[in-house]
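Remarks on the structure that follows.
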Amino acid sequence: MSPQPISIPMSAGSIQYPYAMPLHLIHQSARYSSAPTNPESPYMQAAFHQAQFKQTRPATAIPPHLCNNIGGSSLSPMGSPQLAYMYGSLPADMGSALGSFNSIQSDRTDLASPGTAGGTDPMNLVTMPSSLYDIQIPGSPAAQQQAAMGFRGGAKNSGGGLSPAPSPLSSGAAGYGLPTQFPVPGKQAGEAESMLEAGRSRAFTAAAGHRRTMTDESSDSLSNVPLIERSTFGSSYEADGGHPNSAMAVDFNAQQQYQQQQEHYYSLPSDFGTLIPSVENGDGSVLACNSQAYIDLISSYGLNQDTNTVAQAASATNYSMLLDSKLGGWESQQHPQQQQPQQLPSSGLMSGIAPELTQAKVFSFPSADQVAQALDKFLAQASAEAIKQHGRFSVAFSGGSLPATVAKYLKDNKSVDFSKWFVFFSDERCVEHTDAESNYKLVKDELLRHVAIPDNQVIRISEALVGDSKRAAEDYDLQMSKALGCDIVNQPPVIDCILLGIGPDGHTCSLFPGHPQIEETSKWVTFIDDSPKPPASRITLTIPMLNHASKVVFVVTGGSKSKTVKQIIDGRDQTLPAAHVAPTEGGLFWFLDDATAKDLTANKPAEFKL
Ligand SMILES: O=C(O)[C@H](O)[C@@H](O)[C@H](O)[C@H](O)COP(=O)(O)O
């Protein structure tokens with residue numbers, strides 16, 4: 001059920017700027033809120049305000065130490081470096097608002113006073129108001145909320161808001177908080193510098209700890225990460241009458257903007273993504289920094305960032321970069337020794353170097369019927385293992401002769417809990433579900449009509465989009481990520497078992513030799529409109545997606561492809577797309593009949609055993 005329109009309480013006079021925040025920020029912000037539709041959730045507030053806010057003048061980026069020292073709290077466990085950075089740069093006239101916020105101090109007596117080495121409470125937190133902007137508006141709901149929460153600091157003015165307290169700096173390290181004036185980089189008072197140093201490393205440690213905790217606590221909730229909400233925000237947006245202030249509008253616009261730039265977006269990691277800040281440039285584009293760039297950013301403020309912490313943090317996570325395409329040659333601005341963002345495991349095509357082929361397990365059987373029997377046993381076991389591990393079994397089917405072979409015995413296997421199966425398609429023709437060319441129809445006829453897989457667990461191409469293969473691919477990408485409960489922008493979804501065939505030309509799914517789709521390294525689903533094998537328009541999983549699977553199983557029988565199979569398995573001929581399938585973590589299996597395996601020499605078939 002798509003979320004009800006959100007009416008984010010906008011306090012009187014608060015700022016209304018149209019701003020479509022890059023989706024990953026909305027996503028990061030919303031993904032940990034208990035209920036993405038909860039308007040009180042700090043993340044939605046922050047995301048919404050961020051979305052509402054547009055730089056209207058050359059902005060001053062929040063000095064990183066300022067963000068490091070505004071710790072997260074149970075209100076914002078993602079660590080307010082992210083929240084603060086989500087606000088990106090603020091126009092000069094917002095400084096006073098932040099100034100007033102700076103002087104807020106939590107009542108928590110267990111807070112370590114800044115400057116204390118290590119401090120007793122590593123969280124060293126200042127509770128983040130639900131909205132920085134609101135806090136500055138006397139009498140605003142958030143200001144009243146903060147007042148009601150008994151914040152010390154500024155005297156409560158008549159409107160219940162908070163007026164700035166004397167700068168804590170004047171009271172020395174004993175006062176927690178931050179200079180009420182944005183420090184001019186490089187001209188820090190010694191005391192502020194040491195406080196900032198201490199605060200920064202504590203903030204990193206604390207938020208890092210929090211991040212892991214949050215990931216642990218919320219990992220089960222990730223399955224309902226608001227991709228569902230997000231992917232329907234668009235429709236909600238329409239349903240919401242397109243109210244320009246609705247979060248749906250924001251998200252919808254952000255989603256549109258994001259999808260237009262998707263090929264340029266990677267995302268920040270789930271654990272440190274909130275810590276490696278993204279800082280907005282004056283033109284609203286987002287510059288997300290990886291560790292080296294972050295250090296550069298910090299040093300540009302004349303502050304000596306705790307390099308190790310950031311470097312460790314960054315290198316400790318398998319994260320890639322959010323590069324805003326509007327920034328253009330940002331990469332060229334990086335230091336020569338700049339570590340390149342970690343790319344998704346690619347097929348090695350870009351480098352022309354054949355990837356280390358995962359050691360394939362090759363099985364051969366006297367007949368196609370015995371291949372089918374072995375597949376039945378293999379998939380039954382794979383299904384049981386996956387369901388035991390994570391409560392479901394996700395499997396992707398190719399078309400051609402594969403479904404019939406796979407289903408021949410499996411469809412009658414009563415030991416398999418099909419209710420926990422999620423069925424995807426390694427590739428699909430852009431045709432209606434009833435079309436004879438449809439792989440969905442083929443798998444439905446061979447298997448689905450015989451077993452009890454819930455219909456909403458069969459993820460098929462959107463019939464509404466079969467006329468637009470590009471959009472059909474994007475939609476399938478979202479559907480797949482939604483069904484697998486993962487983050488479209490963080491990591492490719494992991495499918496437990498991808499079943500593939502090959503053509504005589506070495507194509508697999510709808511990745512054909514000499515076609516650009518094989519080069520795709522950042523999308524999980526792509527499209528083709530000139531398939532050498534009819535029909536011409538298809539969507540297909542990409543090499544990174546295939547190589548992220550837990551198991552990839554090639555099924556080839558009939559003998560007509562024995563030379564092709566030899567080229568792939570023995571020769572690792574990189575001109576053949578199927579030769580680029582090498583799961584980085586998972587297993588690679590070939591189920592062949594003897595007629596197909598007869599030419600193999602370097603990789604003789606092994607005895608089949610589960
Ligand atoms: O949709 C498709 O056409 C298939 O996914 C395709 O990649 C198929 O697996 C091979 O062409 C092998 O087909 P056969 O097994 O029928 O030879």
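In each ligand, atom 1 is the first atom listed, and ligand 1 is the first ligand listed.
- For the ring pair (Phe, Tyr, Trp, His ring centres under 6.0 Å) with Phe393, the qualifying choice from Phe424, Trp421, Phe422 is Trp421, the only one to do so.
- Ion pairing between a basic and an acidic side chain is recognised when a charged N comes within 4.0 Å of a carboxylate O; Arg460 and Asp455 show such pairing.
- Near ligand 1, heavy-atom contacts under 4.0 Å come from Ser398, Gly399, Gly400, Ser401, Asp427, Arg429, Asn439, Gly501, Ile502, His507, Cys509, Lys533, Arg538, Lys561.
- Remark: Ala597 engages Ser364, Leu592, Leu600, Pro605 in a side chain to side chain contact (heavy atoms under 4.5 Å, CB included) (not counting sequence neighbours).
- Within the structure, salt bridge (Lys or Arg N to Asp or Glu O under 4.0 Å) contacts touching residues 525-552 (residues at least two apart or in different chains) are Glu385-Lys551, Asp427-Arg538.
- Residues passing the side chain to side chain contact (heavy atoms under 4.5 Å, CB included) test with Glu446, sequence neighbours excluded: Pro403, Ala404, Ala407, Leu442.
- Ion pairing between Lys408 and Asp369 holds under the 4.0 Å rule for side-chain N and carboxylate O.
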